[in-house]
Amino acid sequence: MNAEYVTYAVAIAVAVAVLVAVLVGITVLARFLFRLFTVPGVVVHEFAHKQACDLVGVPVLEVAYFRFGDPPGYVQHVTPDRYRASFVVSVAPFLVNTIVAFAAFLGLATLVSTTGDIRAASSETIAAAAVLGWLGLSIGMHAFPSRGDANVLWNRSRTEWRGSPRVLLGVPIVVVIYIANLLSWLWADVLYAIGLFVLAAWIVGFGVA
């Protein structure tokens, strides 16, 4: 009887171990696929930071446009001398990612609206639509500046506002960045990208009778 109980216990333990391994494997695979999906968004985000640094004359120390790590990309640069330069570097991804994602969605909406019946579309057209949709969604959902960008602006605003009250004009932007990062847990970044597609479709007239 004891041997039978031991056999059952071992079988249950093995089954649980296999289930855990499967779940862990699925989770790791899902994260890996999600990282691959977001490659364009991360690259454009970091590219915007890099180009903003070059634009305002901030020396860049190291750049990683994409990597399988945390964070998935980064731009290390020296601390700008002026608040204005920090502001430009911090918010650049929002402008660049928004423009690029919107352009991709415009292309997608135009392609779909001119194709007519999507069931009769060629494989090349479907592939192009899929790529444009992927680029638009991936790049659009990485438009929000990071919490680190907000921290930089907030810290400079606290230390510099007495000498230059104009830096307080950037505080509302900092608050918006913090809120956007907080709402990312509710997929606000994805909803923002979808909103860009809806706007592009409306401009093109796609879906309008």
Side-chain angles (χ1 to χ4, degrees), residues 30-80 82-109 128-157 170-200:
R31 289 180 178 177
F32 176 76
L33 294 177
F34 180 76
R35 281 292 176 90
L36 287 180
F37 177 84
T38 61
V39 168
V42 175
V43 170
V44 174
H45 185 105
E46 303 307 333
F47 177 80
H49 277 312
K50 172 63 167 59
Q51 294 303 307
C53 287
D54 294 341
L55 178 66
V56 297
V58 175
V60 173
L61 304 177
E62 185 179 356
V63 179
Y65 290 110
F66 181 81
R67 62 175 186 150
F68 287 102
D70 190 21
Y74 60 86
V75 175
Q76 293 183 354
H77 55 79
V78 302
T79 302
R82 305 179 63 182
Y83 176 86
R84 182 184 304 174
S86 292
F87 185 85
V88 170
V89 172
S90 296
V91 304
F94 179 76
L95 298 177
V96 175
N97 280 55
T98 296
I99 292 172
V100 176
F102 186 67
F105 283 139
L106 277 178
L108 173 61
V131 170
L132 287 172
W134 167 45
L135 292 176
L137 183 58
S138 175
I139 296 172
M141 64 188 288
H142 280 85
F144 294 159
S146 67
R147 182 183 297 271
D149 296 324
N151 290 339
V152 169
L153 294 180
W154 174 245
N155 290 333
R156 295 203 65 161
S157 297
V171 172
I173 304 298
V174 176
V175 173
V176 170
I177 295 174
Y178 278 127
I179 293 175
N181 277 270
L182 181 63
L183 294 180
S184 293
W185 291 99
L186 300 176
W187 300 90
D189 45 0
V190 177
L191 294 177
Y192 177 75
I194 294 175
L196 292 177
F197 171 71
V198 172
L199 178 60

Counting C-beta onward and ignoring hydrogens, is there a side-chain heavy-atom pair between [X] and [Y] closer than 4.5 Å?
| X | Y | answer |
| --- | --- | --- |
| Val43 | His142 | no |
| Phe87 | Arg156 | no |
| Tyr192 | Thr98 | yes |
| Phe37 | Leu137 | yes |
| Ser157 | Tyr83 | yes |
| Leu199 | Phe102 | yes |
| Leu108 | Phe197 | yes |
| Phe68 | Leu36 | yes |

Please find the pair of heavy atoms, one from [X] and one from [Y], that lie closest to each other, and give the distance.
| X | Y | result |
| --- | --- | --- |
| Ala52 | Ala92 | CB-CB, 3.6 Å |
| Phe144 | Ala180 | CD1-CB, 3.7 Å |
| Ala150 | Val174 | O-CG1, 3.7 Å |
| Ala193 | Gly136 | CB-O, 4.4 Å |
| Cys53 | Val60 | CB-CG2, 3.5 Å |
| His77 | Val89 | NE2-CG1, 3.8 Å |

Taking atom [atom1] of [X] and atom [atom2] of [Y], what is their separation to the nearest 0.5 Å?
| X | Y | atom1 | atom2 | value |
| --- | --- | --- | --- | --- |
| Met141 | Ile194 | CE | CD1 | 9.5 Å |
| His45 | Tyr65 | NE2 | OH | 12.5 Å |
| Trp154 | Ile173 | CH2 | CD1 | 14.0 Å |
| Glu46 | Arg67 | CD | CZ | 10.0 Å |
| Leu196 | Asn97 | CG | CG | 10.0 Å |

Quiz item: Should Ser86 and Leu153 be marked as a side-chain contact (heavy atoms from CB on, under 4.5 Å) after you check the CA-CA gap, both sets of side-chain angles, and the distance that decides it?
Solution: CA-CA 7 Å; Ser86 292; Leu153 294 180; 4.1 Å; yes
Quiz item: Is the ring centre of Tyr74 less than 6.0 Å from the ring centre of Phe66?
Solution: no
Quiz item: Checking Asn181 side chain against Ile177 main chain: does a donor-acceptor pair fall under 3.5 Å?
Solution: yes
Exercise. Please confirm whether the backbone N or O of Asp149 pairs with a side-chain atom of Ser146, one donor and one acceptor, at under 3.5 Å?
Key: yes
Quiz item: Is the CZ atom of Arg84 crowded by more than 12 outside heavy atoms at less than 6.0 Å?
Solution: no
Practice problem: Could you tell me whether the side chains of Tyr178 and Asn151 share a donor-acceptor contact shorter than 3.5 Å? | Solution: yes
